Structure formats: C-alpha cells, structure tokens
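See structure below.
Chain naming here is simple, since letters A, B, ... match the order of the sequence lines and numbering starts at 1 in each. All of these numbers come straight from a predicted model, not from anything done at the bench.
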There are 2 protein chains.
Amino acid sequence: MSDTYHHGNLREALIEEGIRIINESGEDALSLRKVASACNVSHAAPYAHFKDKDELIEAIKESVTEQLMAEMEDAVKAAANSETAIVGMGKRYVSFFRGNPDYFKFLFGRQNITAHLRIDEKGDDDYPPFVLLKETYLKYLKENGIKKSRKKKEVELLKIWASAHGLAAIACMSGVIPSFDWDEMLEGDDLLR
Amino acid sequence: MSDTYHHGNLREALIEEGIRIINESGEDALSLRKVASACNVSHAAPYAHFKDKDELIEAIKESVTEQLMAEMEDAVKAAANSETAIVGMGKRYVSFFRGNPDYFKFLFGRQNITAHLRIDEKGDDDYPPFVLLKETYLKYLKENGIKKSRKKKEVELLKIWASAHGLAAIACMSGVIPSFDWDEMLEGDDLLR
DNA sequence: TGCCAAAACTTGACAGCGTAAAGATTGATG
DNA sequence: CATCAATCTTTACGCTGTCAAGTTTTGGCA
C-alpha cells in the first residue's frame with residue numbers, strides 16, 4: 001500500500017490518539033504500543049517522531065494546554081476590564097478542568113483526594129489534613145460566636161483549603177526559580193489569611 | 001535460615017524501603033521487584049501482604065500522610081487560638097511539602113510546572129496560563145494606577161494563582177462528594193477575589 | 001508432644017512494556 | 001534514473017506486574 005506506508009501525518013495522529021486514550025481510559029492505559037497500533041502502525045514507528053515515550057506525553061500535554069489557553073484568552077476578551085478578567089480567567093481555569101478531570105489528572109497528577117467540603121457532612125476516608133482544617137475552622141467560628149450562612153462558611157473554608165493546597169502545589173511542583181524567595185513570601189501571614 | 005525465611009515484619013519493611021526509594025529516585029523508580037529485593041526477599045513475596053502494587057503504594061501514601069498529620073497537629077497545639085491555628089496549619093502543610101517535594105509529587109502528581117513568580121522576571125518555558133494571569137494582573141495594576149511594593153504585588157499574584165490552581169486541584173482530584181454543589185460555589189465571585 | 005492447616009515465601013512462567021538495532025520501503029532531490 | 005534521508009517494520013532484549021504451583025515455617029489444636 002503505497003499510500004499508507006508513509007502515514008503522512010503520524011505525529012499529529014499519535015497525539016490525537018493519545019488524547020483519546022487518556023480521555024477514555026486515563027493515563028495509566030497510555031502505552032506507546034497501543035497508541036501506535038491505534039494509528040495502524042508498528043510499535044516502533046513513533047520513534048521516528050519522538051525520542052521516547054516522555055516526548056510523546058510532553059507533546060500531548062502541550063496540545064491540551066493549548067485548548068486551555070484558548071478558553072482563558074476567550075475569558076479575557078469577554079471581560080470589561082482587567083479586574084474582571086482575572087476573576088473570569090480563574091473561573092475558566094477551574095471549569096475547564098472540572099469539565100475534563102482526566103486532563104487535570106494527566107497534567108498534574110493521579111491522586112484522588114476525598115474530602116467532604118459540605119460543613120454538615122463527613123466521610124470515613126476524608127483526607128485527614130482537610131478534616132483537621134475543617135474541624136479547626138468550625139471551632140474557630142464557635143469560639144468567637146461567629147454566625148454565617150452555610151454557604152459563606154463553606155466558601156471561606158474552601159478558600160483557606162485551596163490557598164494552602166494550591167500554594168503547596170506551586171511551591172513543590174514548579175521548576176526551580178532561583179530568584180524567588182519562598183521564605184520571604186511565607187514569613188508573613190498574608191498568604192494564608 | 002530459619003530466622004529469615006519468615007521475615008517477621010515484611011509489610012513494614014516494604015513500606016519503609018518504598019519510601020526510601022521514592023526519596024532517592026522518585027516514584028518512577030519504584031517497582032515491586034526492587035522493593036522486594038531491597039528487603040532481601042523474592043519478587044513475589046509482597047503478594048503475601050499486598051493485593052497488588054497499588055495496594056503497596058496506598059500503604060506508603062498512608063504512612064507519609066501520617067507524618068504530615070503529626071506536623072499539623074503539632075501546629076495546632078502550639079497555637080494560641082483557633083484562628084492562629086488555621087494559619088499555622090497552612091504554613092506547616094506548605095513547609096512540609098516544601099521540605100519533601102518528592103512526597104508531594106508522589107502523593108499528588110508528577111508534573112513540574114515552571115512559572116516565574118517574580119514580577120520582574122520571566123522564562124521561556126513558563127506555564128502559559130500562569131503567564132497570562134501575571135500579565136493581566138500587571139495590566140490591572142497599571143490601568144488603575146495602583147502602587148504597591150514588589151513583595152505585596154508578588155503576594156497578591158501568588159494568592160490569586162494559588163486559589164485558582166488549588167481550587168482546580170480540589171475540584172478535579174477529589175472523590176465524588178455528591179451533595180457538594182460546585183456550581184453554587186462558583187456562581188459568585190467570592191472564591192476568586 | 002505431635003500434627004496439620006494456614007501463613008509466608010520461593011520458583012518459574014507469561015504477557016505487556018519501552019527501547020535499541022538492522023533492514024525494508026518510500027518520496028524527494030539532483 | 002540514481003541516491004539518500006526520512007519513515008516504517010521486524011526482531012530482539014531486559015524489565016515489569018502478576019499468577020500458579022511448590023516449599024518452608026509458624027501457631028494452634030488434638
């Protein structure tokens with residue numbers, strides 16, 4: 001078959017099939033050999049386009065990130081000013097990943113934390129650090145006689161939790177940026193209240 | 001050797017060696033066979049204690065989480081009141097993972113985001129969504145003629161970034177908690193400003 | 001005490017994986 | 001038309017997780 005020996009667009013096809021497999025079965029199911037055979041190509045063919053599996057995965061991540069960027073740029077255009085643009089971007093960022101949880105797991109990890117965010121509920125397998133934070137927050141409200149609606153409480157709890165978890169994610173999973181002084185950032189309490 | 005055929009404490013030994021390997025070479029280097037041979041035991045011996053590799057990994061995660069919990073509980077005890085306890089826990093949470101980045105990667109993912117948090121710097125391979133957020137934030141400051149110290153700007157930027165990223169992490173990587181209404185939470189702007 | 005079932009561990013085997021080397025096929029270029 | 005580089009196939013290797021069957025040890029019961 002003269003028209004299939006040279007695939008013509010194998011690089012893009014591999015990325016596409018890779019994304020499809022991740023969406024259908026998660027990252028663990030992604031193997032070079034499966035992607036190759038999904039493209040009707042031998043298991044070693046990808047090596048003409050990618051140095052190794054990591055390079056294919058990197059290309060897939062770039063492709064997914066481009067989709068996310070398109071959404072965020074859209075939010076910026078739709079915003080009346082920069083301030084609302086920031087909030088809009090944040091919302092798009094969160095909702096993009098909420099609509100594609102497998103993408104987030106693929107880009108950033110594979111753990112499934114369980115945490116009952118609802119104030120009046122709890123689960124046996126809740127992530128212990130979160131449970132501790134939640135209990136302490138409720139105690140804080142009680143001690144100081146603070147009355148808030150359920151929603152307000154949950155929002156506030158979630159904000160604290162997201163700040164800490166997000167900061168840890170950024171601090172630990174960022175490449176080395178030597179000039180940034182984390183200790184200086186953390187010495188005050190601004191970041192966490 | 002009657003005293004080594006039955007290891008006596010293989011389960012704990014496997015967990016310990018697993019943690020050691022992760023600390024030394026990262027999660028990718030963790031294989032059942034390596035952990036087993038590090039315990040001077042055949043490659044199938046772990047199956048007497050763990051159903052499969054995932055179950056060993058789960059046990060290792062539990063062990064690491066216990067270490068983290070000990071630190072957080074320490075912070076609670078050291079705090080004068082619940083309010084400072086919250087801030088203290090957040091700090092411990094972040095600093096625990098900063099001191100053990102491999103633990104965070106192991107627990108939550110394997111991605112290395114690159115993002116120049118310093119206002120006056122940038123890198124070619126910065127995570128695009130972060131770059132967009134940063135640029136928009138700087139534009140917002142300029143448009144409104146807001147003057148702040150470098151540090152204040154960086155703190156504020158980091159807070160916004162951490163909120164969004166942390167929320168996405170929580171929203172996407174949490175187990176299903178049916179009664180929690182994410183849409184209700186996200187419909188207002190409280191969470192992101 | 002002696003025995004026996006269950007627990008702990010070994011050995012051997014299998015399919016799937018990533019990857020390297022060598023050869024076949026193709027399209028483009030001179 | 002000849003040639004060469006790019007692309008793809010074939011073959012092979014070691015490593016992996018897992019299973020099945022056999023061996024050793026332990027603990028408890030007759």
Side-chain angles (χ1 to χ4, degrees), chain A residues 1-63 102 105-106 109-112, chain B residues 1-63 102 105-106 109-112:
Chain A
M1 311 181 190
S2 70
D3 56 316
T4 57
Y5 194 99
H6 270 48
H7 186 289
N9 217 4
L10 183 55
R11 207 193 120 95
E12 272 67 29
L14 289 167
I15 294 174
E16 249 178 67
E17 287 299 324
I19 290 179
R20 195 185 51 74
I21 290 175
I22 288 168
N23 266 325
E24 281 176 11
S25 329
E27 183 180 2
D28 286 334
L30 186 81
S31 81
L32 264 186
R33 294 169 106 104
K34 263 188 228 156
V35 178
S37 88
C39 295
N40 298 312
V41 125
S42 85
H43 65 265
Y47 285 86
H49 302 275
F50 302 101
K51 186 177 125 273
D52 54 18
K53 189 188 182 184
D54 280 344
E55 216 171 86
L56 168 61
I57 287 181
E58 213 49 47
I60 296 176
K61 283 182 177 170
E62 267 174 39
S63 176
D102 280 328
K105 283 181 204 153
F106 172 56
R110 39 186 62 184
Q111 169 74 356
N112 258 27
Chain B
M1 309 181 190
S2 70
D3 56 316
T4 58
Y5 193 99
H6 269 48
H7 185 288
N9 217 3
L10 184 55
R11 207 192 119 96
E12 272 67 30
L14 289 168
I15 293 174
E16 249 178 67
E17 287 298 325
I19 290 179
R20 195 186 52 73
I21 290 176
I22 288 168
N23 267 324
E24 281 177 12
S25 330
E27 184 181 2
D28 287 333
L30 186 83
S31 81
L32 264 185
R33 293 170 106 103
K34 263 186 228 158
V35 178
S37 87
C39 295
N40 299 310
V41 125
S42 83
H43 65 264
Y47 285 86
H49 303 274
F50 302 101
K51 188 177 123 273
D52 53 19
K53 188 187 180 184
D54 280 344
E55 216 172 86
L56 169 60
I57 286 181
E58 214 48 48
I60 296 176
K61 284 181 177 172
E62 269 174 37
S63 176
D102 280 328
K105 282 180 204 154
F106 172 56
R110 38 186 61 183
Q111 170 73 357
N112 257 26

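Between the side chain of A/His43 and the base of C/dG16, no donor-acceptor pair under 3.5 Å is found. Evaluation of atom-type donor-acceptor distances gives a pair under 3.5 Å for the side chain of B/Arg33 against the base of D/dT18.
Rounded to an integer number of Å, the gap from A/Ile57 CD1 to C/dG18 P is 9 Å. D/dC8 atom C1' lies 17 Å from atom CZ of A/Arg11, rounded to whole Å. Between B/Asp28 atom CG and D/dG17 atom P there is a gap of 12 Å when expressed in whole angstrom units. D/dC19 atom C1' lies 18 Å from atom CZ of B/Phe50, rounded to whole Å. Regarding B/Asn9, its CG atom lies at a distance of 11 Å from the P atom of C/dA8, rounded to whole Å. Between A/His49 atom NE2 and D/dA6 atom P the separation is 12 Å, expressed in whole Å. Regarding B/Leu10, its CG atom lies at a distance of 8 Å from the P atom of C/dT10, rounded to whole Å.
In this structure, the side chains of A/Leu14 and A/Phe50 come closer than 4.5 Å at one or more pairs of heavy atoms. Counting only heavy atoms from C-beta outward, the side chains of A/Leu32 and A/Tyr47 approach each other to under 4.5 Å. Looking at B/Leu30 and B/Ile57, their side chains come closer than 4.5 Å, going by heavy atoms from C-beta outward. Considering only heavy atoms from C-beta on, B/Ile21 stays 4.5 Å or farther from B/Glu24 through its side chain.
Contact annotation: B/Tyr47 side-chain N/O to D/dC19 OP1/OP2 distance is not under 4.0 Å.
Side-chain atoms of B/Glu17 do not come within 3.5 Å of backbone N or O of B/Ala13 as any donor-acceptor pair. Although no hydrogens or angles enter the test, the distance criterion places a donor-acceptor pair under 3.5 Å between the side chain of A/Lys34 and the main chain of A/Ala29. Counting only distance, with no hydrogens or angles, the side chain of B/Asn23 and the backbone of B/Gly26 share no donor-acceptor pair below 3.5 Å.
Nearer the 5' end of DNA chain D, as judged by each residue's closest nucleotide, is the contact made by A/Ala44, out of A/Ala44 and B/Ser31. Of the two residues contacting DNA chain D, namely B/Asp54 and A/Ala48, the nearest-nucleotide position lying further toward the 5' end is that of A/Ala48.
Of the candidates D/dT9, D/dT18, C/dT19, the closest approach to any side-chain atom of A/Asp52 belongs to C/dT19. Closest to the side chain of B/Lys53, from the set D/dG17, D/dC19, C/dT19, is D/dG17.
Contacts between residues 13-22 of chain B and DNA chain C, counted as heavy-atom distances below 4.0 Å, involve no residue at all.
Heavy atoms of B/Lys51 sit nowhere under 4.0 angstrom from any nucleic acid atom.
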